[in-house]
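Structure, as structure tokens:
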Amino acid sequence: MATYTPSEIEARWQQAWDKADVFKARRSADKPKYYVLEMFPYPSGRIHMGHVRNYTMGDVIARYKMSTGHNVLHPMGWDAFGMPAENAAMAIGGHPKTWTYDNIADMRSQMKPLGLSIDWSREFATCDPEYYGQQQALFLDFLEKRLVYRKNAQVNWDPVDMTVLANEQVIDGKGWRSGAEVERRELTQWFFKISDMAGELKDALAGLDNWPAKVRLMQENWIGESRGIEITFHRTDGNGTIQCYSTRPDTMRGASFIAIAPDHPVAKALEADKPELAAFIDECRKMDTTEAAMEKAEKKGIDTGLTVRHPVYDDVELPVWIGNFVLMDYGTGAVFGCPAHDQRDLDFARKYDLPVRNAFFMPGDTTEVGDEALVPAKTEKVSFIDHFAGIADVTSQEAIDATIDWFEAKGLGVGQTQYRLRDWGLSRQRYWGCPIPVVHCDTCGVVPEKKENLPVVLPDDVTFDVPGNPLDRHPTWRDVSCPSCGKPARRETDTMDTFVDSSWYFARFTAPRADTPTDLDDAAYWMNVDQYIGGIEHAILHLLYSRFFARAMRITGHLPQGCEEPFDALFTQGMVTHEIYQTRDDKGRPVYHLPEDVTDGKLADGTAVEIIPSAKMSKSKKNVVDPLGIIASYGADTARWFVLSDSPPERDVEWTASGAEAAYKHLSRVWTLCDRIAAMDAGAKGEGDDDLLRAMHACIHDVTMGVESFGFNAAIAKLYGFTAVLSKSKARHAAQREAIMTLAQLMAPMTPHLAEDIWAHQGGEGLIIHAPWPVADEAMLKSDTVTLPIQVNGKRRGELTVPADMDKAEVEKAALATEAVTRALDGGQPKKVIVVPGRIVNVVV
RNA sequence: GCGGGCGUGAUGGAAUGGUAGACAUAUCGGACUUAAAAUCCGAAGGGCUGACGCCCGUGUGGGUUCGAGUCCCACCGCCCGCACCA
């Protein structure tokens, strides 16, 4: 008997697809378009199981959509700029460009055996000058529309990578890539004006119905909208005012001090005359302002000696303090402290002996605040004391709204919405990135490079033997003449954050060879991405930046209207995990072992390993399974089938050797079954055709539902079930042939090679990829009889098989006659009988 | 602290408010085999019972409902995100 040989089958069908050029995407007027995209990979050099899972999910969707009559775009590219290439150049020599393109070639050749339905003719890498040149054109257009600007800024300096990090890229005070403790430095940097769009980016989240609620919420929290008011405080020395921003103006009665940021203009003005203030401010400047450091730091302040008049109570004067916890770049850089209703302010007040005064109490409880601030939920009703706006027993939220109105009416303040989102700093002091296309001229200042001179191509002749940016020490590249006046000038040597590269690649895929960033006709046809699939780790940065870019590209005419939200549907898939095998060396330090070196919990020499529960596959923990090895021993279809089978796609899936083995066995079984059916005698007798075909239609229905709703694991369970039914069927050849061909079609999105092989083996016409998706026959989904569970008081006590169309009254009669019910009734009458047609009968006794 | 998610057999996990545990792994039994592997068939939540059956069971405690894994409230545990944000 022939056996299932995936290596031979898979190579054959991949060639057949190539020959028929089936995955090439062309605009078409007579089919609806469908754009499916997986987050493109960084070319590290090796594909891993996470890639396999990500691309397989996209492939299932793409192939399913093809067979349901859609014109599908399913491209692939490389997020190819970034530090690992430079790190490799520093560590092992060579050039980032060579390293990157070699890796791309390796990964492409590892990816191709998966049999993905990708239109490879659209492939590009973000480090191709053809791509980053268009990105430079975008930058110049953004510059013209003032969507990008330069400012002096305190930046997060990563001393290891010698580069600036965005706030968002600082994690626990450490660089998100290097893990080095981040320092502060002041540099002139380029920024995208994403904060201008904060409100819109937040509001538009509500329309993203097909995004996970979790991701929308994370973005909402990141943007961080808060409604408050800017209040003017007049200095008692007559030297002007201090503006404070507050979200709790209703607590103004309890204000007992003002705190300003160390870099607030008022603080800076006092520095010259007051050495003790200068010393404090200096100390604050040295302080790390990263989130983690700020959290750990003690809340400190110093009295400036200034006072301001309370805006509501003329006779009250408030001292002005400098606080190390006040941030200059949020709000106005000044706040009023209300110790009674804010824990931080209360701690500060107790430390420096400032007054604590309640603005409200909880109803019926007039205990003054002690060491714990009174901060009830904003929806809770509180009793205000002698409130200036005339309110008494209301919720905090109502009080805030009323107080803002009151301040505005009196002309003492202006209601304002603040966002936590800051502008996106994109300058990187690094070689392997997209050069920022501007020139610095002593006469003309910052001059944009002329578009006809794009791309500004990275020079190849650079070395990495000294830290810092090689572009800074490359005179023939750096020194140019000013595009405006022609005098000697200097190129900008900073390059762009790699998040820029990934913020518009999805648009470029619609016309990857266009000599403008996009082609509007192609973009209008293919955009938006109908289904985007990727990891939850990109929930904030990448997706938010892409949403900003889509808007900015619309403003600059590079995308048509309607593409502001470029991803119609988003799916965030879980990771592939594996157990970790660990032993300890003689010093007790952990030593990790690869899964292939462990059999039955033991190493080859018999040493027992400690098994640590499943975690994300990582090189350092050695819990990695190489997809190439799996493909070599079982084939791509097995790898694809397994990563989809065990867990819901949004959750992590644990890779197990036995699971992969089982997937392979199942596919072999299906293949053998096909072989057996093909060899059947077409004229032979058989029975149960109808049962088989009914099961088949039920399977069509269930699998279609599963694929449509990302329930791949459930769809696979149904396919297992139907395979078991088919393999036991005694039906005639025609019915069995129909069943196996339909099974192949239903499996085709997941195991496309095996499906093609079965299709051909059974004499199917053309390629299975061109065959229309099977449609379940409604009539075959209904059966003549139905078995209803009979419950007594909600507990299952028996069952009853009745004609499917029997009416309720008769079902009730039949149910009451069943043995389980008569026994429970014991001669009495039922209190109530619930009959849910086709579902259940419940008798209440 | 705030926000979100999750909690079901030995394990991964099924289950539009309607038969809890589909499907798979691991386990056990049987067939085939000299034997093993492979393959095929079958069993299997816990407890009581000779058996028919009965009781208990989806983190804990309540509630809504004829009926709750599913909805509501409180709590416990785990995971994730965010945070001197005024």
Side-chain angles (χ1 to χ4, degrees), chain A residues 212-222 224-226 228-229 244-249 251 259 289 291-299 323-327 329-338 342-345 347-348 375 377 418-422 536-537 539-540 577 613-614 642 645-648 650-663 665-666 668-669 672 702 705 711 713-721 723-724 727-728 787-799 819-820 823 830-836 838-845:
Chain A
K214 180 168 60 167
V215 173
R216 291 192 314 212
L217 193 73
M218 282 162 79
Q219 292 221 352
E220 193 175 326
N221 291 338
W222 191 265
E225 187 178 84
S226 68
I229 189 166
C244 289
Y245 176 72
S246 172
T247 54
R248 293 305 301 268
T251 65
T289 55
E291 290 146 3
M294 294 284 279
E295 185 168 345
K296 274 180 234 143
E298 191 187 353
K299 280 77 183 158
N324 68 352
F325 54 88
V326 184
L327 300 177
D329 43 359
Y330 188 84
T332 58
V335 298
F336 74 78
C338 177
D342 183 294
Q343 193 59 46
R344 185 198 62 207
D345 291 350
D347 295 344
F348 193 79
V375 193
Q418 285 284 343
Y419 297 94
R420 175 189 175 280
L421 183 68
R422 297 172 198 178
I536 188 78
E537 68 271 22
I540 296 173
T577 64
S614 232
F642 180 76
S645 67
D646 254 16
S647 292
E650 68 275 16
R651 283 209 228 169
D652 294 350
V653 64
E654 183 180 347
W655 183 277
T656 60
S658 57
E661 173 90 24
K665 282 182 189 172
H666 177 74
S668 303
R669 220 174 284 136
T672 313
D702 293 344
M705 297 285 286
N713 57 324
I716 283 179
K718 299 293 181 186
L719 289 166
Y720 269 109
T723 305
S727 67
K728 282 173 199 159
T787 301
L788 301 175
I790 308 293
Q791 292 184 336
V792 177
N793 293 337
K795 290 187 195 255
R796 186 177 183 281
R797 283 295 180 262
E799 59 182 35
E819 199 227 320
R823 188 164 18 132
K831 253 197 214 156
K832 196 171 176 183
V833 181
I834 290 105
V835 178
V836 184
R839 276 264 172 220
I840 204 162
V841 179
N842 190 13
V843 181
V844 186
V845 300

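Just so you know, these numbers use all the heavy atoms, side chains as well, and skip hydrogens, waters and symmetry mates. These numbers come from a predicted model, not from an experiment. In the text below, chain A, chain B and the rest are named by the order of the sequence lines, each starting its count at 1.
Separating the P atom of G67(B) from that of G3(B) is a span of 34 Å, rounded to the nearest Å. For the P atoms, the distance linking A26(B) with G17(B) amounts to 34 Å, nearest Å. Here the separation of A10(B) from A35(B), taken at their C1' atoms, is 30 Å to the nearest Å. Taking atom C1' on both U27(B) and G45(B), the two are 14 Å apart, rounded to the nearest angstrom. The C1' atoms of A31(B) and A20(B) are separated by 33 Å, rounded to the nearest whole Å. On the P atoms, C79(B) is 39 Å away from G29(B), given to the nearest whole Å.
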- Item | Summary of protein contacts for nucleotides 9-25 of chain B, nucleotide by nucleotide, where a base hit scores B, a sugar-phosphate-only hit scores S (4.0 Å, heavy atoms) | ---BSS-B-BB--BSSS
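Between the side chain of Arg420(A) and the backbone N or O of Trp222(A) there is at least one donor-acceptor pair closer than 3.5 Å.
U11(B) and A24(B) make up a base pair, with Watson-Crick or G-U wobble contacts both under 3.5 Å. Both distances falling under 3.5 Å, in either a Watson-Crick or a G-U wobble arrangement, place C54(B) opposite G47(B). Across all strands shown, U60(B) is found opposite A74(B) as a Watson-Crick or G-U wobble partner, with both distances under 3.5 Å.
RNA chain B is contacted by both Asn221(A) and Val843(A); Asn221(A) maps to the nucleotide lying nearer its 5′ end (nearest heavy atom per residue). Along RNA chain B, the nucleotide nearest Arg797(A) and the nucleotide nearest Lys832(A) are compared for position; the residue whose nucleotide lies closer to the 5' end is Arg797(A).
Nucleotide G29(B) is shown with an anti base, its glycosidic torsion being more than 90° from 0.
Residue Leu217(A) contributes atom CG, which lies 17 Å from atom P of C80(B) at whole-angstrom precision. Rounded to whole angstrom, the span from the CG atom of Asn793(A) across to the P atom of C66(B) amounts to 12 Å.
When heavy atoms are screened at a 4.0 angstrom cut-off, Lys795(A) is found touching the sugar-phosphate backbone but no base atom.
Shown here are the ring pair (Phe, Tyr, Trp, His ring centres under 6.0 Å) partners of Tyr419(A), two or more places apart in sequence or in another chain: there are none.
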